[in-house]
Every structure is written in structure tokens, then in C-alpha cells.
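A short worksheet on the structure shown next.
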Amino acid sequence: QVQLVEFGGGKVQAGDSLRLSCAASGLTSSSYAMGWFRQAPGKEREFAAGISRGGGRTLYPDSVKERFTISRDNTKNMVYLQMNSLKAEDTAVYYCAAARVSALVVVTTSSAYNYWGQGTQVTVSS
């Protein structure tokens, strides 16, 4: 049974940093591209960061570029999202997701992901 479990969320002040982690089990993480999505109250889920199977390619939307960094450790089946210079508009539930795709692909669309975590809340106060 595949499980993705996120942790590391919390309440911070604007300008602070936070690191989210995602532990994957029941799958070989090196066979999956990984992504982080987020959903703010009253808004649709949106792509926040993506990384290819081997970690060599990453993609970010303009809203988080230069502030967020996604990384992975396939030996530990872990994916991370380092978030710096947080803003109030980063407040959302953050989800980890896994997509079984070709080696160099980074997936930005939620419908392409096969597995999802339960989410972790990040609240940034201004």
C-alpha cells in the first residue's frame, strides 16, 4: 500500500523559513516524479514545486521561484520542500504527490499524479 506522509508544517511569521518533508512508503521513489501542491481556503489546488525521478530537474511557478527549493533523497524515500522568505499568501495546506512518469519528466498538473499525501498546514502571519 502506497503512503505519502507530509510533516513539518506549522505557524510562522512572514519572512521566516520552513522545511516540509514527505515520507514515501510502498513504492520505489526513484520510479516516481514528485511534486508539492498547495491549496488555500476557497482556492483551487495549485502546483508549488516538482522534481524529476533522479532529482536532476526541478520546476517552480513564478509565485515561489527563488524562495522555494524542492529536493529528494531516493535512498531514504524522502522529498523535501525548503521554503524561505515566506509570505502571508503562502498560507495553505501543502500536499506531497507522486507520479509514475519517464525519467526526466517534471509533472506540473495535479491530474497526472498517482498518489497523494494527506497534507500539512502552513500558516504565515504578516
Side-chain angles (χ1 to χ4, degrees):
Q1 181 181 355
V2 175
Q3 268 194 316
L4 301 176
V5 179
E6 306 95 335
F7 52 95
K11 296 181 180 180
V12 296
Q13 299 286 324
D16 286 350
S17 297
L18 206 57
R19 188 197 198 202
L20 304 183
S21 300
C22 172
S25 60
L27 55 78
T28 302
S29 62
S30 59
S31 296
Y32 290 80
M34 301 296 292
W36 287 94
F37 286 75
R38 64 185 185 180
Q39 188 166 19
K43 295 188 177 181
E44 294 188 353
R45 191 172 298 189
E46 65 175 7
F47 173 72
I51 190 166
S52 59
R53 285 166 48 179
R57 295 188 66 200
T58 58
L59 282 176
Y60 307 90
D62 288 343
S63 58
V64 308
K65 203 171 288 184
E66 307 299 333
R67 298 189 299 120
F68 288 14
T69 303
I70 187 172
S71 61
R72 66 188 299 164
D73 184 343
N74 286 340
T75 66
K76 298 180 180 178
N77 277 5
M78 294 290 295
V79 181
Y80 308 97
L81 185 66
Q82 178 66 44
M83 304 184 293
N84 298 330
S85 302
L86 282 163
K87 306 176 181 178
E89 50 262 45
D90 294 319
T91 295
V93 177
Y94 283 72
Y95 298 91
C96 174
R100 190 170 181 94
V101 293
S102 301
L104 298 179
V105 174
V106 179
V107 186
T108 63
T109 54
S110 58
S111 59
Y113 281 85
N114 304 103
Y115 302 104
W116 292 84
Q118 82 291 346
T120 185
Q121 177 71 46
V122 173
T123 302
V124 184
S125 57
S126 56

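Just so it is clear, the values below take in all heavy atoms, side chains as well, and ignore hydrogens, waters and symmetry mates. For the single chain, residues carry numbers from 1 onward in sequence order.
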Practice task
Just grab all the side chain to side chain donor-acceptor pair (under 3.5 Å) pairs involving residues 102-115, residues at least two apart or on different chains.
Solution key: none
Practice task
Could you grab the distance from atom CE of M34 to atom CG of L4, nearest 0.5 Å is fine?
Solution key: 5.0 Å
Problem - Pair listing, salt bridge (charged side-chain N to carboxylate O under 4.0 Å, His left out) test, anchored in residues 38-49, at least two apart - result: R38-E46, R38-D90
Completion exercise
All heavy atoms of V107 vs all of A99, minimum pair found to be CG2-CB, 3.9 Å
Fill in the blank from the handout: Quick note, side chain to side chain donor-acceptor pair (under 3.5 Å) partners involving residues 22-31, not counting sequence neighbours, are S29-N74, S29-N77
Handout entry: Other ILVMFWY residues reachable from M78 by side-chain steps of under 4.5 Å
Key = F7, Y80
Fill in the blank from the handout: Across all chains, not counting sequence neighbours, the ring pair (Phe, Tyr, Trp, His ring centres under 6.0 Å) partners of F47 are F37
Practice task
Could you identify which residues cluster with V5, counting Ile, Leu, Val, Met, Phe, Trp and Tyr as linked when any side-chain heavy atoms lie under 4.5 Å apart, either directly or through a chain of such contacts?
Solution key: none
Fill in the blank from the handout: residues 88-108 vs ring pair (Phe, Tyr, Trp, His ring centres under 6.0 Å), sequence neighbours excluded, gives none
Practice task
Name all pairs fulfilling the salt bridge (charged side-chain N to carboxylate O under 4.0 Å, His left out) condition that reach into residues 117-126, sequence neighbours left out, sorted by first residue then second.
Solution key: none
Handout entry: Residue pairs fulfilling side chain to side chain donor-acceptor pair (under 3.5 Å) with at least one residue in residues 8-17, sequence neighbours excluded
Key = Q13-S125, S17-N84
Practice task
Among residues two or more places apart or on two chains, list those pairs meeting salt bridge (charged side-chain N to carboxylate O under 4.0 Å, His left out) that have a residue in residues 69-86.
Solution key: none
Problem - Pairs satisfying disulfide bond (SG atoms under 2.5 Å apart), at least one member in residues 50-119, at least two apart - result: C22-C96
Practice task
Please examine the side chains of V2 and W116, heavy atoms only from C-beta on, and report whether any two atoms are closer than 4.5 Å.
Solution key: no
Problem - Main-chain N/O of G8 paired with R19 side-chain donor or acceptor, under 3.5 Å - result: no
Handout entry: Pairwise distance CG(L81) to OG1(T120) - rounded to 0.5 angstrom
Key = 11.0 Å
Handout entry: Donor-acceptor contact below 3.5 Å, side chain E6 vs main chain Q118
Key = yes
Practice task
Identify whether V12 and L20 are in the same connected component of the hydrophobic contact network (ILVMFWY, side-chain heavy atoms under 4.5 Å).
Solution key: yes
Handout entry: Spacing of Y32 atom OH and L27 atom CG [to the nearest 0.5 Å]
Key = 5.5 Å
Handout entry: Closest contact, heavy atoms only, S52 versus V106
Key = N-CG2, 3.8 Å
Exercise for the section: For side chain to side chain contact (heavy atoms under 4.5 Å, CB included), just list the numbers for E89 and V124, CA-CA rounded to whole Å, side-chain angles, deciding distance to a tenth of an Å, and then say yes or no. Expected result: CA-CA 8 Å; E89 50 262 45; V124 184; over 6 Å; no
In a table with atom names and distances, give each donor-acceptor pair under 3.5 Å that connects a side chain of residues 54-64 to protein atoms at least two apart or in another chain.
| residue | atom | partner | partner atom | Å |
| --- | --- | --- | --- | --- |
| R57 | NH1 | L104 | O | 2.8 |
| Y60 | OH | I70 | N | 2.9 |
| D62 | OD1 | K65 | NZ | 3.2 |

